[in-house]
Undergrad: 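Below you'll find the structure I mean.
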Amino acid sequence: MLLGGAVQDIRVIQTETGGGFGGKEEYPSMIAAHACLLALKSGRPVKLLYDRGEDMVATTKRHPSTVRHRTGLTRDGKLTAMQVDVLMDGGAYCTLSPVVLSRGVIHAAGPYRCANTRIEGRVVMTNTPPNGAFRGFGAPQTQFATEVHMDRIAETLGIDPVTLRLRNALKPGDTTATGQKLGPDTSAIDVLREAVRRSGFKRKRTKLAGSGRGVGLALFYHGAGFTGSGEVMLGSRAGLETTPTGVRILVANTEIGQGTRTMLAQIVADGLGIAYEDVAVAQPDTAVVPDSGPTVASRTCMVVGGLLERCARRMSEQLNGASPAEHHVRRGRLHVEERYEAPPGRQWDDQTYRGDAYATYAWGCDVAEVEVDPVTHEVRVAKFTAVQEFGRPIHPAMAQGQIEGGSAQGLGWALLENVVMRDGAMANAQLTNYVIPTTLDTPPMDVVMLENHFAGGPFGAKGVGELPIDGPAPAVVNALRHAGLDVRAIPATPEALAAAPRLAPSRNGETAAAPPANGDAA
């Protein structure tokens, strides 16, 4: 589109790339466009590099957000009404703000059922570089607000925070805020109970009260794949072909450190009943592979992997008992291709924003135990428990790595990473003043992967890429509240905690809060 008719044929070859986390979803296309224009003008190959300072100053960041809640409940803590207002800072240009807002508002009610829900969202322009995709894509911001608010509701009503969540968590057959009826792979209750049991949450809640330490939890979920009719509009395709040594996978999805090449090869090997070593993965090359959509939105395993599982089963039928290599030698190349189709019965209305927002959801519950230095106000996360359900883990070790990495990233968002804008530019673009978690900041992590298979995913798998970042920040802030600090924004830096209001513990070990006037709302 940018080059118009100046270049007739464009070929893109994508090599293995470093971590994505949203930063490579759309902004690199702009940098590539600059390189293309320079190459066209100069008539020579062009390589364009941003150093760290240029990258931090120019590229997109997570949307800063303000989320407000008004919630109605019965006296025993059952949700009756939720009103949520979401305001996001889009920066100077639009980029992906509309779709970030979309996912944010869809997840804004959290993993809870409520018959009367009103969620409004907007993105406004400001004089900073544009904000864009970042792991979680709007859902971390809105679910942070929901989970922190749920602990405040529990205080107000004098209810244990676990009990409050158990009374309202989504179950199979319940409907979400968009009216989607959830299937049997709904696991909010399961992950909550396992996290509470595994972490000793209730015991520690009493033991740590008044000690300068605290323990908090967060319950969350994340839709896998593109929102609404997005996957249908993409119409992703995936292919599989025989080779003299086995088969070759043909997809456009890229390896960005998450293990895509390994995971997709496992799916095909299992689907064909052949050795993993007999599966090759083609380099993402627009002259070779079909368009299988972008490597984003927790979709690669569930959507593209699902297409490849179908390819493998279809190829297996056509091989008539021969191995792929044998068939290739005897009868030549066999190629099969599958295109995405919406699951039966799934409906979504883009105009009313009602219906099945996602094919399925992954579920998680995090528990964070924190210590606050009384002099420096520095926070140390002493232990972190992550219980997550995303169908079948295709490669358990890599899935655990995703959870550990995403959780550490979420802890950095909660406590350390503070973007300072000055005169429309990032003022702290160095590692000395933009602090990210190191191994010394990463607590011992207890990771539990529950399985509740999704029939529409390969061998029951869902997406796990974004889920782990939704829970750490609210779990930490709820732990800080249990430790006696009223934190309402992140990152909870020492400077912010020094200025935070102090809360007195009540006799039962919970922080004290005045009940509402009529006892029915919080």
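We use all heavy atoms of the structure for the numbers below, so side chains are in, but hydrogens, waters and symmetry mates are not.
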Undergrad: Can a salt bridge be assigned to the pair D441 and R380 using a cut-off of 4.0 Å between side-chain N and carboxylate O?
TA: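 No.
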Undergrad: Provide the closest heavy-atom pair for P437 versus G412 in the form atom of the first, atom of the second, distance.
TA: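 For P437 versus G412, the nearest heavy atoms are CG-CA, 3.4 Å.
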Undergrad: With a 6.0 Å cut-off (strictly less than), is the heavy-atom count around CG of N433, excluding the residue itself, greater than 12?
TA: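 Atom CG in N433 is packed in, count exceeds 12.
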Undergrad: Between H69 and R152, is there a side-chain donor-acceptor contact under 3.5 Å, judged purely by atom types and distance?
TA: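 No.
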Undergrad: Taking atom types as modelled and ignoring hydrogens, do the side chains of Q143 and H107 form a donor-acceptor contact shorter than 3.5 angstrom?
TA: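 No, H107 and Q143 have no side-chain donor paired with an acceptor closer than 3.5 Å.
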Undergrad: Please say whether more than 12 non-hydrogen atoms of neighbouring residues, nucleotides or ligands are located less than 6.0 Å from CZ in R502.
TA: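 Above 12, so yes.
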Undergrad: Any side-chain to backbone donor/acceptor pair from H377 onto L497? Under 3.5 Å, distance only.
TA: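 Not confirmed, H377 side chain does not pair with L497 backbone.
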Undergrad: Hey, could you give me the OG1/CD1 distance between T176 and I106, rounded to the nearest 0.5 Å?
TA: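 Between atom OG1 of T176 and atom CD1 of I106 there are 8.5 Å.
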Undergrad: Do V86 and E120 touch side chain to side chain, with heavy atoms closer than 4.5 Å?
TA: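 No, too far: nothing below the 4.5 Å cut-off.
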Undergrad: Quick one: does P393's side chain get under 4.5 Å of Q400's, heavy atoms only?
TA: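 Side chain of P393 against side chain of Q400, heavy atoms only: no contact under 4.5 Å found.
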Undergrad: For the residue pair G405 and R135, what are the closest heavy atoms and their distance?
TA: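 In terms of heavy atoms, the two residues are closest at C-NH1, 4.1 Å.
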Undergrad: Could you check whether any side-chain N or O of E231 sits under 3.5 Å from a backbone N or O of F226, counting only pairs where one atom can act as donor and the other as acceptor?
TA: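 Yes, because the side chain of E231 sits within donor-acceptor range (under 3.5 Å) of the backbone of F226.
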Undergrad: Run the side-chain contact (heavy atoms from CB on, under 4.5 Å) check on T360 and M302 step by step: do they pass?
TA: CA-CA 10 Å; T360 191; M302 188 183 82; 3.6 Å; yes
Undergrad: Strictly by modelled atom types, are D89 and S65 linked by a side-chain donor-acceptor pair under 3.5 Å?
TA: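 No pair is found: no donor N or O on one side chain lies under 3.5 Å from an acceptor on the other.
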Undergrad: Apply the test salt bridge (Lys or Arg N to Asp or Glu O under 4.0 Å) to residues R392 and E451: give CA-CA distance (whole Å), side-chain angles for both, the deciding distance (0.1 Å), then the verdict.
TA: CA-CA 6 Å; R392 179 182 177 183; E451 290 195 33; 5.4 Å; no
Undergrad: Nearest 0.5 Å, what's the CZ-CD distance between F21 and Q409?
TA: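 So the gap between those two atoms works out to 5.0 Å.
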Undergrad: Is it true that a side-chain atom of E389 and a backbone atom of G391 form a donor plus acceptor pair closer than 3.5 Å?
TA: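 Side chain of E389 to backbone of G391, a donor-acceptor pair under 3.5 Å: yes, one is there.
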Undergrad: How about S229 and D350: do any of their side-chain heavy atoms sit closer than 4.5 Å?
TA: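 With C-beta onward as the side chain, the pair touches.
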Undergrad: So, the side chain of Q141 versus the backbone of H63: is there a donor-acceptor pair under 3.5 Å, distance only?
TA: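 Judged by distance alone, yes, a pair lies under 3.5 Å.
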Undergrad: Does the pair D85/R122 count as a salt bridge with the N-to-O cut at 4.0 Å?
TA: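 The answer is yes: the pair qualifies as a salt bridge.
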Undergrad: Could you tell me if the ring centre of Y358 sits under 6.0 Å from that of Y361?
TA: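 Yes: the rings meet the under 6.0 Å criterion.
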Undergrad: Would you please say whether a donor-acceptor pair under 3.5 Å links the side chains of E466 and S298?
TA: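 Checked: E466/S298 side chains pair up, N/O donor to acceptor below 3.5 Å.
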Undergrad: Given side-chain hydrogen bond (donor to acceptor under 3.5 Å, both in side chains), test R103 with H222 step by step and report yes or no.
TA: CA-CA 9 Å; R103 187 175 284 262; H222 203 94; 3.1 Å; yes
Undergrad: Quick check: closest heavy atoms across V57 and P129, and the distance to 0.1 Å?
TA: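 Nearest pair, atom of V57 first, then P129: O-CG, 3.5 Å.
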Undergrad: Do other residues, nucleotides or ligands put more than 12 heavy atoms under 6.0 Å from the CZ atom of R52?
TA: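 Enclosed.
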Undergrad: Just by distance, no angles: are the side chains of T262 and H395 close enough, under 3.5 Å, to form a donor-acceptor pair?
TA: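 No, H395 and T262 have no side-chain donor paired with an acceptor closer than 3.5 Å.
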Undergrad: Give a yes or no answer on whether the side chain of R167 reaches the backbone of D76 with a donor-acceptor pair at less than 3.5 Å.
TA: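 Judged by distance alone, yes, a pair lies under 3.5 Å.
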Undergrad: Between V477 and V487, which heavy-atom pair has the shortest distance, and what is it?
TA: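 It is CG1-O, 3.6 Å.
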Undergrad: Going through the checks in order, is the salt bridge (Lys or Arg N to Asp or Glu O under 4.0 Å) test met by E417 and K61?
TA: CA-CA 11 Å; E417 300 183 47; K61 310 293 182 289; over 6 Å; no
Undergrad: What distance do F454 atom CZ and K462 atom NZ have between them, rounded to the nearest 0.5 Å?
TA: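 F454 atom CZ to K462 atom NZ measures 8.0 Å (nearest 0.5 Å).
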Undergrad: Please round to the nearest 0.5 Å and tell me the distance separating atom OG1 of T95 and atom CD of E25.
TA: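 The distance works out to 9.5 Å.
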Undergrad: Does one side chain, of T60 or N131, offer a donor that lies under 3.5 Å from an acceptor on the other?
TA: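 Checked: T60/N131 side chains show no N/O donor-acceptor pair below 3.5 Å.
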Undergrad: So which heavy atom on S292 is nearest to which on N253, and how close?
TA: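 Looks like OG-OD1, 2.8 Å.
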Undergrad: Any idea which heavy atoms bring F390 and G463 closest together, and the distance?
TA: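 Scanning both residues, the minimum pair turns out to be CB-O, 3.8 Å.
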Undergrad: Any heavy-atom pair between the side chains of L166 and I189 that's under 4.5 Å?
TA: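 Yes. Closest side-chain heavy atoms under 4.5 Å.
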Undergrad: Compute whether any side-chain donor of one residue and acceptor of the other, for D446 and T385, lie under 3.5 angstrom apart.
TA: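 Looking only at side-chain atoms, T385 and D446 do not form any donor-acceptor pair under 3.5 Å.
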Undergrad: Passes salt bridge (Lys or Arg N to Asp or Glu O under 4.0 Å), E194 versus R197? Steps please.
TA: CA-CA 5 Å; E194 180 62 17; R197 183 197 68 80; 2.7 Å; yes
Undergrad: Whether the side chain of E54 engages the backbone of D51 through a donor-acceptor N/O pair (distance < 3.5 Å, no angle test) should be reported.
TA: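 Present.
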Undergrad: Could you check whether any side-chain N or O of D174 sits under 3.5 Å from a backbone N or O of K171, counting only pairs where one atom can act as donor and the other as acceptor?
TA: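 Looks like yes, one N/O pair under 3.5 Å.
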Undergrad: Regarding R354 and the six-membered ring of W348, is the cationic atom NZ or CZ under 6.0 Å from the ring centre and inside 45° of its axis?
TA: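 Output no; distance or angle outside limits.
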Undergrad: For the residue pair T376 and E378, confirm or rule out a side-chain donor-acceptor distance under 3.5 Å.
TA: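 The answer is yes; a qualifying pair exists.
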Undergrad: Salt bridge between E255 and R261, side-chain N to carboxylate O under 4.0 Å?
TA: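 So E255 does not pair with R261 through a salt bridge.
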Undergrad: Tell me, do Y434 and L416 make a side-chain contact under 4.5 Å, heavy atoms counted?
TA: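 Y434 vs L416: side chains apart.
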Undergrad: In this structure, are over 12 heavy atoms from other groups packed under 6.0 Å from M30 atom CE?
TA: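 Yes - once you tally the heavy atoms of other residues, nucleotides and ligands closer than 6.0 Å, there are more than 12.
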Undergrad: Looking just at side-chain N and O atoms, do Q180 and T178 make a donor-acceptor pair shorter than 3.5 Å?
TA: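 Not at all, the side chains of Q180 and T178 share no donor-acceptor pair under 3.5 Å.
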Undergrad: With side chain to side chain contact (heavy atoms under 4.5 Å, CB included) as the test, pick out the partner of I153 among N168, L73, I159.
TA: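 The residue from N168, L73, I159 that satisfies side chain to side chain contact (heavy atoms under 4.5 Å, CB included) with I153 turns out to be L73.
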Undergrad: Nearest 0.5 Å, what's the CG-CG distance between L217 and L192?
TA: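 Here the interatomic distance stands at 6.5 Å.
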Undergrad: Check whether any side-chain N or O of S97 sits under 3.5 Å from a backbone N or O of C94 as a donor-acceptor pair, and report yes or no.
TA: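 Looks like yes, one N/O pair under 3.5 Å.
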Undergrad: Going through the checks in order, is the side-chain hydrogen bond (donor to acceptor under 3.5 Å, both in side chains) test met by Q258 and T260?
TA: CA-CA 6 Å; Q258 81 282 44; T260 285; 2.7 Å; yes
Undergrad: With no hydrogens and no angle check, is any side-chain donor or acceptor of S407 less than 3.5 Å from a backbone partner on I403?
TA: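 Pair found, side chain donor or acceptor close to backbone of I403.
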Undergrad: Show, in sequence, the C-alpha distance, side-chain angles and deciding distance for Y112 and T146, and conclude whether the side-chain hydrogen bond (donor to acceptor under 3.5 Å, both in side chains) test is met.
TA: CA-CA 10 Å; Y112 304 108; T146 302; over 6 Å; no
Undergrad: Would you check if the side chain of S211 reaches a backbone N or O of K207 as a donor-acceptor pair within less than 3.5 Å?
TA: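 No, the answer is negative, given that no donor and acceptor are paired below the 3.5 Å cut-off.
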Undergrad: Using the rule given for salt bridge (Lys or Arg N to Asp or Glu O under 4.0 Å), can you reason through R165 versus D151, listing the C-alpha separation, both sets of side-chain angles and the distance that settles it, and then say yes or no?
TA: CA-CA 9 Å; R165 287 170 170 84; D151 265 33; 2.9 Å; yes
